Amino acid sequence: MPINRRRFLTGSSIMIGTAGLSQAMPAWARGAHGGMAARQGSDVLSGEHLTMTVADATLSTGKRHGPAVAVNGTIPGPLVRLREGQNLVVDLVNNSSGETSIHWHGMLVPFLMDGVPGVSMAAVKPGETFRYEFPVRQAGTYWWHAHTLQEPMGHYGPIVIDPATPSPHEYDREYVLVLTDWSPMHPHAIMRKLKLGEAYFNYNKTTATDDYPLSGADRRMWARMRMMPTDIADVTGSTYSYLVNGHGPDDGLELVYEPGERIRLRIINGSAMTFFNVRIPGLAMTVIAADGQDVQPVEVDEFQIGNAETYDVLIEPKGAEAFAFVAEAMDRSGMGLAMLTSRDGARADIPPLRDPPLLTMADMGMSHSAMQGMDHGSMEGMDHGSSDEMEMSGMSMRDTSLLPDLVEAGPGLDMVAMNPVDRMDFPGLGLDKVGHRVLTYRQLIAARPNPDPRRPSRLKEIHLTGNMERYMWSFDGKKFSAVTDDPIRFAFNERVRVRLVNDTMMAHPIHLHGHFFELVNGHEGFQPLKHTLIVQPGGSATFDLTANEPGDWAFHCHLMYHMHSGMFQVVTVRPLQSAEDRP
């Protein structure tokens with residue numbers, strides 16, 4: 001049965017036998033109501049007064065089953081479909097065994113409605129209800145999620161806000177696709193394993209018999225630095241199932257269309273720890289929105305979507321009866337999968353997983369200019385003798401003299417980028433040599449002029465820091481628990497330029513609550529608006545911010561276990577002013 005553009009695909013209920021399973025599970029895993037089986041997919045909620053009920057559940061996909069958290073009985077939770085200009089009231093009912101909340105990711109809401117326990121509200125305890133109430137001030141594709149460890153267990157869902165004025169894009173059908181990662185292993189257990197050994201889940205380590213294109217000198221260099229060129233993702237497909245709308249790759253999710261239709265895909269990365277590389281082999285995608293904000297259309301064949309980002313694309317399936325929608329994990333340890341199909345039973349070939357990518361000298365923060373004078377062969381790695389030259393030249397990956405005074409060079413910092421250049425023209429790890437068109441931030445141009453033409457009055461530099469072996473993550477060398485009383489301060493309506501410097505060898509998706517900021521990507525006057533920004537390994541990224549939303553706002557890495565390990569801060573915008581006082 002065809003699905004119209006106002007409907008979100010709803011999966012059928014998955015029945016699993018829980019009689020023996022429930023006896024083997026601890027209480028937290030069995031969940032309430034005898035271990036309710038979550039349905040895969042989402043129902044649709046719309047209107048001005050909604051109820052969202054959180055409950056313990058179990059999830060089954062492929063060969064994996066285990067504890068989960070469902071909202072209104074589904075994973076993902078309901079698609080919240082709204083209209084720009086309406087008022088919204090949501091009653092959050094906590095029938096689960098843990099504390100909960102809802103953060104309205106990307107939505108402009110009063111800070112007391114932002115849903116971050118410890119910053120803007122107290123966590124909603126089991127048996128309690130909390131009411132969110134705010135006006136809907138925007139349009140676009142967003143999502144909601146818990147700001148507790150319930151999030152990686154299934155407490156998330158999509159938001160679509162229809163514009164008050166007609167969309168400039170015409171299409172016949174739409175699908176909302178929520179990309180996530182899920183494990184039957186409880187988040188507390190995952191965190192414990194990462195603290196015991198940060199490479200616990202990495203099954204792509206270098207060995208004496210591997211076939212990675214690394215010379216002996218390359219391998220010695222990485223060993224001397226106590227780093228791994230294959231350290232791409234902290235938690236991998238060895239533990240995660242990669243889901244599209246709650247369905248694993250073996251669950252047969254179908255996206256039905258009629259030949260000749262133009263389709264809008266609203267793609268949301270709601271995962272805890274996974275960057276996805278999205279492509280539809282044989283089909284181009286035209287990107288028309290990023291993080292809910294319209295951009296000038298750009299046609300690509302693939303794009304990388306970081307945690308918490310959203311992209312809207314238009315596609316026109318033609319020339320085949322079916323196409324595979326592929327969301328491949330950045331480390332190539334697995335994929336999420338759905339099938340675009342024009343008739344029952346039509347299937348496209350599913351591409352095999354590509355070879356895992358390797359980190360390079362650029363990911364160490366060593367730009368081309370920093371490497372001049374060294375005898376290196378390519379950005380893929382250093383040639384014979386180069387590691388010795390690196391040591392003789394005095395180059396060090398832990399040269400704390402390169403850091404500004406504001407960065408604390410303590411045990412929470414084990415690397416310093418030597419020359420962190422802007423990398424907004426980089427498509428993402430593993431995508432710089434694929435041979436087809438891949439989106440970069442440099443290609444994003446706002447569809448409308450930026451609303452605030454003022455030049456920034458000052459520059460604020462923030463370093464993303466960490467110790468990968470100890471699994472410590474922080475801003476400026478200080479994890480959140482150590483700087484609670486020292487927030488990042490902006491004056492109300494201040495225009496400021498923020499430069500993020502990544503002193504680690506991992507990409508970090510950095511999210512600022514309550515605001516959109518403009519990427520400084522070379523398109524002055526039309527800088528794209530985003531709420532989440534990937535900062536590439538060893539590089540930097542810059543945005544302009546108008547701090548026009550008063551209150552206290554979370555600012556953090558959206559990799560779940562980085563945030564919970566300390567890469568979190570509070571941005572405070574003062575003085576507090578009412579909505580009527582906003583310019």
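Only a predicted model underlies this, so the values are computations on that prediction, with no experimental measurement involved. Just so you know, these numbers use all the heavy atoms, side chains as well, and skip hydrogens, waters and symmetry mates.
Taking the centre of each ring, His515 and His513 stay at or above the 6.0 Å mark. Proximity of the aromatic rings of His147 and His556 is defined here by a centroid distance below 6.0 angstrom, and this criterion is met. A distance of 6.0 Å or more separates the ring centres of Phe325 and Tyr175. Between Tyr156 and His145, the distance from one ring center to the other does not fall under 6.0 angstrom. Ring pair His103/Trp144: centre-to-centre distance not below 6.0 Å.
Remark: the backbone N or O of Leu108 is paired with a side-chain donor or acceptor of Gln138 at under 3.5 angstrom. In this structure a side-chain-to-backbone donor-acceptor pair under 3.5 Å is present from Ser42 to Pro76. Without hydrogens or angle criteria, Asn94 side chain to Val124 main chain gives a donor-acceptor distance under 3.5 Å. A distance-only check finds a donor-acceptor pair linking the side chain of Gln86 to the backbone of Gly47 [under 3.5 Å]. No donor-acceptor pair closer than 3.5 Å links the side chain of Arg81 to the backbone N or O of Ile159. A distance-only check finds a donor-acceptor pair linking the side chain of Glu261 to the backbone of Glu258 [under 3.5 Å]. For the pair Glu84 (side chain) and Ala164 (backbone), a donor-acceptor distance under 3.5 Å is present.
One finds no salt bridge joining Arg64 and Asp250 here, because no Lys/Arg side-chain nitrogen approaches an Asp/Glu carboxylate oxygen to under 4.0 Å. Using a 4.0 Å cut-off between charged nitrogen and carboxylate oxygen, Glu518 and Arg448 do not count as a salt-bridge pair. Salt-bridge annotation for Glu494 and Lys460: absent, with no side-chain N of the basic residue lying under 4.0 Å from a carboxylate O of the acidic one. Residues Asp312 and Arg266 are paired through a salt bridge, judged by an N-O separation under 4.0 Å between the basic side chain and the carboxylate. Ion pairing of Lys530 with Glu309 is present here, as a side-chain N (NZ or NE/NH1/NH2) and a carboxylate O approach within less than 4.0 Å. The existence of a salt bridge linking Arg83 and Asp162 is excluded, since no basic side-chain nitrogen approaches an acidic carboxylate oxygen closer than 4.0 Å. Salt-bridge check for Arg347 with Glu254: passed, with a basic side-chain N closer than 4.0 Å to an acidic carboxylate O. Between Asp552 and Arg574 there is a salt bridge, since at least one side-chain N of the basic residue sits less than 4.0 Å from a carboxylate O of the acidic one.
In this structure, a donor-acceptor pair under 3.5 Å is absent between the side chains of Asn95 and Thr53. Side-chain contact annotation: Gln150 with Ser96, donor-acceptor N/O pair under 3.5 Å present. Side chain to side chain, Asp251 and Gln40 meet the donor-acceptor criterion of an N or O pair below 3.5 Å. Side-chain contact check for Thr51 and Asp91: no donor-acceptor pair (N or O, by modelled atom type) lies under 3.5 Å. A donor-acceptor contact closer than 3.5 angstrom links the side chains of Ser271 and Asn269. Between the side chains of Glu328 and Asn277, no donor-acceptor pair is found at a separation under 3.5 Å. Judged purely by distance below 3.5 Å, without hydrogens or angles, the side chains of His155 and Thr100 pair a donor atom with an acceptor atom. With 3.5 Å as the limit, one finds a donor-acceptor pair spanning the side chains of Thr546 and Arg495.
The CZ atom of Phe490 sits 12.0 Å away from the CG atom of Asn548 when rounded to the nearest 0.5 Å. Atom CD1 of Ile510 sits about 6.5 Å away from atom CG of Leu500, to the nearest 0.5 Å. A distance of 10.5 Å separates CG of Leu59 from OG of Ser183, quoted to the nearest 0.5 Å. Distance check: Leu265 CG to Ile268 CD1 gives 11.5 Å after rounding to the nearest 0.5 Å. The structure places CG of Asn87 at 12.5 Å from NE2 of His49, a figure rounded to the nearest 0.5 Å. The distance from the CD1 atom of Ile161 to the CG atom of Leu82 is 5.5 Å, given to the nearest 0.5 Å.
Between Trp104 and Ile102, the closest side-chain pair of non-hydrogen atoms falls below 4.5 Å. Side-chain contact between Val256 and Asp344 is absent, with no heavy-atom pair separated by less than 4.5 Å. Here the side chains of Val116 and Phe568 are in contact, with some heavy-atom distance below 4.5 Å. Put simply, the side chain of Ile350 reaches to within 4.5 Å of the side chain of Met339, judged on heavy atoms.
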Task: Check against salt bridge (Lys or Arg N to Asp or Glu O under 4.0 Å), Asp172 and Arg262 - done: CA-CA 5 Å; Asp172 305 294; Arg262 196 180 203 203; over 6 Å; no

Open item on the list: Would His511 and His105 count as a side chain to side chain contact (heavy atoms under 4.5 Å, CB included) here? Give the steps.
Closed with: CA-CA 9 Å; His511 173 45; His105 190 108; 3.2 Å; yes

TODO: Mind running side chain to side chain contact (heavy atoms under 4.5 Å, CB included) on Val93 and Met52 for me, showing each step along the way?
DONE: CA-CA 6 Å; Val93 181; Met52 299 171 70; over 6 Å; no

TODO: Determine, stepwise, if the pair Phe134 / Tyr132 fulfils ring pair (Phe, Tyr, Trp, His ring centres under 6.0 Å).
DONE: CA-CA 7 Å; Phe134 50 84; Tyr132 294 92; 7.2 Å; no

- [ ] Walk me through it: do Ile288 and Arg264 pass the test side chain to side chain contact (heavy atoms under 4.5 Å, CB included)?
- [x] CA-CA 9 Å; Ile288 58 171; Arg264 181 173 188 155; 3.8 Å; yes

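Screening residues 264-301 for ring pair (Phe, Tyr, Trp, His ring centres under 6.0 Å), with sequence neighbours left out, gives Tyr242-Phe276. Applying the salt bridge (charged side-chain N to carboxylate O under 4.0 Å, His left out) test to pairs two or more places apart or on separate chains, none has a residue in residues 146-156. Residue pairs that meet the ring pair (Phe, Tyr, Trp, His ring centres under 6.0 Å) test with at least one member in residues 294-323, sequence neighbours left out, are Phe303-Tyr311. Among residue pairs with one or both ends in residues 108-129, those qualifying as salt bridge (charged side-chain N to carboxylate O under 4.0 Å, His left out) are Glu99-Lys125; sequence neighbours excluded.
The two residues Met113 and Phe130 come nearest to each other via the heavy atoms CE-CZ, 4.2 Å. Here the closest non-hydrogen pair linking Leu149 and Met153 is O-CG, 3.8 Å. Closest approach of Pro451 and Pro453 over heavy atoms only: O-CD, 3.6 Å. Here the closest non-hydrogen pair linking Ala322 and Tyr257 is N-OH, 4.1 Å. Contact detail for Ile267 and Val278: the closest heavy-atom pair is CD1-CG1, 4.3 Å. A pairwise comparison of heavy atoms in Cys557 and Met563 identifies O-CB, 3.3 Å as the closest pair.
For Asp425, there are no salt bridge (Lys or Arg N to Asp or Glu O under 4.0 Å) partners, not counting sequence neighbours. For Glu299, the salt bridge (Lys or Arg N to Asp or Glu O under 4.0 Å) criterion is met by Arg437, not counting sequence neighbours.
The number of heavy-atom neighbours closer than 6.0 Å to CZ of Arg455, taken from other residues, nucleotides and ligands shown, is 12 or below.
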